[in-house]
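Okay, structure first, notes after.
Throughout, protein chains are lettered first and strands after them, A, B, ... in sequence-line order, and every chain is numbered starting at 1.
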Amino acid sequence: MSDRLAVRKTYKLYVGGAFPRSESGRSYEIQSADGEFLANASRASRKDARDAVVAARRSFAGWSGRTAYNRAQILYRVAEMLEGRAAQFAEEVRQSEGLSRAKCAAAVGAAVDRWVWYAGWADKVSQIAGAANPVAGPYFNFSVPEPTGVVAIMAPQASSLLGLVSVVAPVIVTGNTAVVVTSEQRPLPAISLGEVLATSDLPGGVVNLLTGHTSELAPVLASHMDVNAIDLTGVESDRRTPLEEAAAENVKRVLPAPPDEPDWSADPGTRRLLAPLEIKTVWHPVGV
Amino acid sequence: MTATNWQYAPAPESRDIVDLRSEYGLFIDGEFVEAQGGATFKTVNPATEEVLAAVSEAGAEDVDRAVAAARRAQTDVWGPMPGAERAKYLYRLARVIQERARELAVVETLDNGKPIKESRDVDVPTAAAHFFSYAGWADKLSHAGYGADPRPLGVAGQIIPWNFPLLMAAWKLAPALATGNTCVLKPAETTPLSALLLAEILQQIDLPPGVVNIVTGAGATGQALVDHAGVDKVAFTGSTSVGKQIQRALAGRPTRLTLELGGKAANIVFDDAPLDQAVEGIVNGIFFNQGHVCCAGSRLLVQESVLEPVMGHLKRRLGTLRVGDPLDKNTDLGAINSAEQLARITELTDSGVDQGAQRWQPECQLPDRGYWFAPTVFTGVSQSHRIAREEIFGPVLSVLTFRTPDEAVTKANNTPYGLSAGVWTDKGSRILWMAERLRAGVVWANTFNRFDPTSPFGGYKESGFGREGGRHGLGPYLAV
């Protein structure tokens, strides 16, 4: 018996819970770390980015309205699904990043653990970021953190899976929805992550993944009037200024991003968790 | 006998308590100094158009001097000072504001045009309370949830509006100073006097030179402050359009930014709301401070079934509002702060008429001199009208209706702003249901326009970002 011919995977976008090709019909070639042809990835267009914002906005009320317990369960489910496909992801990370098998396995393990870490935050963030405020009057005054809304994320360019998870999980755990532009040259683990998300009870549209040219998609999202916040981690620091200027048009929150891509295996802390939040203060009357 | 027949005797607060100088310099490094180019501008009493004083106009060189003084003070004195000592300065400041409360209130009313009862009962006491509350944070920062030893950012450039001049100065200075930053404060060009009186108080409490510097001037002065590379943090309260300019100007720079911008708040009245209380709340929501309030309840959403009784009560109540001399203790509505603002209010209300809404104003005599606008209510307003979308920042209320709670939420959230909202209902569960869904930073239930130093305040969406008040107000001034 001869070896059977492999069925190659087509990598598409992940928008609104579906896996469409780019409406533009464009694709671009993805190579492995050592220069071999890996796949043709969809090259998302400006229209795809706008469609992704629509999907993210549509899913926002439902996702942010879920109980914190339910969001925790779903993020934990993502970790379970990822763990079950660890070998596949390790191989895709190895192809993309060219690291040793051991390092790739460690990165996938860390990515699983990161989902677990953030899953646990869902029902705790209000208690560290909220407050009951002792105002001088007959009111029960309390402050609660709420999700900012639709967050555009320029994912890290180097770390194709752990970096991606490290920027997406803290945004969605609190109820935000996300439009993510994946690593431009290493997008394949991201699209496979879309398959994990699609099978983890995460509602369609909460995370939307666009492969393509960051320089083409970032300006569309930075200037989009229905995007509430933007993370420029995956944009070189000397190219961020025009994007930050565009973001001012609707007072987008520009989330803190390190100048260079950090070591994603470090303790993430709470910074990325707390940044895409708005504090709401309610004055409730007290009386008989 | 109806209420309108009552005659009130004049009850003016005396202005003798205030000893205004004819000229004020900039407050830099603990001293009043002239602007380098010698430029000055005049500040007027908007109720009479009388010139109150000539004030120095800071140019870029003056801003540079102020930032340098702030930097020295931060590095050498204020930063290294133990928190408990910083606290004592802030407690002193709160106390002297209380001691000189009447003087501050009269100056505020003269320069701003707001009724003396508001400056006396709201602006000044709330400013003192803000310093008093934040004083206590200065030596407790390691317990505030920002790490074991949170560090200040350095020099804060702070730009404040003309609607609550002293109170906004307190909201800016108190958290910045408590956390160990030093400040360069730019008051609004039409209302510099209470900040300059505050500078005299800072001398009185022996605050080390350079810890607070006050540079008076207009937009160009503010721009020089924003553009200064030595400023580590910019805090701005004002219009959304200027806020966007500042955010754009800071793009690509490490300078931290917080913005407290405009609003178009919905004040939502359900059919079970206690009517008299709700009407008082509606009046307070939009006519407090002549409507010069970023969180003003400028869009009244009334449940359709009670529109008639609400409007009937509201119009009767507005007929009793007393518009006139801001120094009179019985005055409800004072002067519009400037001719420029009056023109903007007039232009927007004209657009309301042009677009087909019905304008109603109670009968009232406006003074001959000064800048005045009668309380105004528009009915028949649709969501697309400019008066329902744009911030008017004046005593103008737009009335819309709704049938279901869902419709109220949808209409309330149908705005790029998100600063505040009001809900009037007898039902506690409905208050919380509404509060969960309103995309606004502050939700008042059966009350409106209430402020407290412990209560975080700030916007969603294009109303800005960052919070002032409470523990949350410390974060924007700490390197975290």
Does [X] [atom1] have over 12 foreign heavy atoms under 6.0 Å away?
X: B:Gln223; atom1: CD; answer: no
X: B:Phe288; atom1: CZ; answer: yes
X: A:Lys124; atom1: NZ; answer: yes
X: A:Arg46; atom1: CZ; answer: no
X: B:Arg253; atom1: CZ; answer: yes
X: A:Arg58; atom1: CZ; answer: no
X: B:Tyr91; atom1: OH; answer: yes
X: B:Lys140; atom1: NZ; answer: yes

Separation between [atom1] of [X] and [atom2] of [Y], rounded to the nearest 0.5 Å:
X: A:Ile279; Y: B:Phe457; atom1: CD1; atom2: CZ; result: 14.5 Å
X: A:His284; Y: B:Thr447; atom1: NE2; atom2: OG1; result: 12.5 Å
X: A:Lys280; Y: B:Arg439; atom1: NZ; atom2: CZ; result: 7.0 Å
X: B:Leu432; Y: A:Phe140; atom1: CG; atom2: CZ; result: 8.5 Å
X: B:Trp444; Y: A:Asn141; atom1: CH2; atom2: CG; result: 10.5 Å
X: A:Met225; Y: B:Lys461; atom1: CE; atom2: NZ; result: 11.5 Å

Examine whether an atom of [X] lies under 4.5 Å from a heavy atom of chain A, and if so say whether it belongs to the side chain, the backbone or both; otherwise answer neither.
X: B:Arg437; value: backbone
X: B:Gln245; value: neither
X: B:Pro416; value: neither
X: B:Ile246; value: neither
X: B:Leu261; value: side chain

Sidechain-backbone polar pair: [X] side chain, [Y] backbone, donor-acceptor under 3.5 Å:
X: B:Lys244; Y: A:Ala248; answer: no
X: A:Thr281; Y: B:Ser455; answer: no
X: B:Glu462; Y: A:Val251; answer: no
X: B:Gln247; Y: A:Lys252; answer: yes
X: B:Arg248; Y: A:Ala247; answer: no
X: B:Arg450; Y: A:Trp283; answer: no

Could you tell me which of [options] has the largest number of non-hydrogen atom pairs under 4.5 Å with chain B?
options: A:Val282, A:Asp238, A:Val135, A:Leu243; result: A:Val135
options: A:Arg271, A:Arg240, A:Glu249; result: A:Glu249
options: A:Gly65, A:Gly149, A:Ala129; result: A:Ala129

Show the nearest heavy-atom pair for residues A:Glu244 and B:Gly252, with the distance to one decimal.
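Residues A:Glu244 and B:Gly252, closest heavy atoms: OE1-N, 2.8 Å.
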Would you name the heavy atoms of B:Asp452 and A:Ala136 that are closest together and state the gap between them?
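Answer, listing the atom of B:Asp452 first, then A:Ala136: OD2-N, 2.8 Å.
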Please classify the contact of [X] with chain B as side chain, backbone, both or neither, using a heavy-atom distance under 4.5 Å.
X: A:Ile128; result: backbone
X: A:Asn250; result: both
X: A:Thr148; result: backbone

Counting heavy-atom pairs closer than 4.5 Å to chain A, which one of [options] comes out on top?
options: B:Gly458, B:Ala440, B:Gly145; result: B:Ala440
options: B:Val480, B:Leu257, B:Leu259, B:Ile431; result: B:Ile431
options: B:Gly470, B:Ala435, B:Pro456; result: B:Pro456

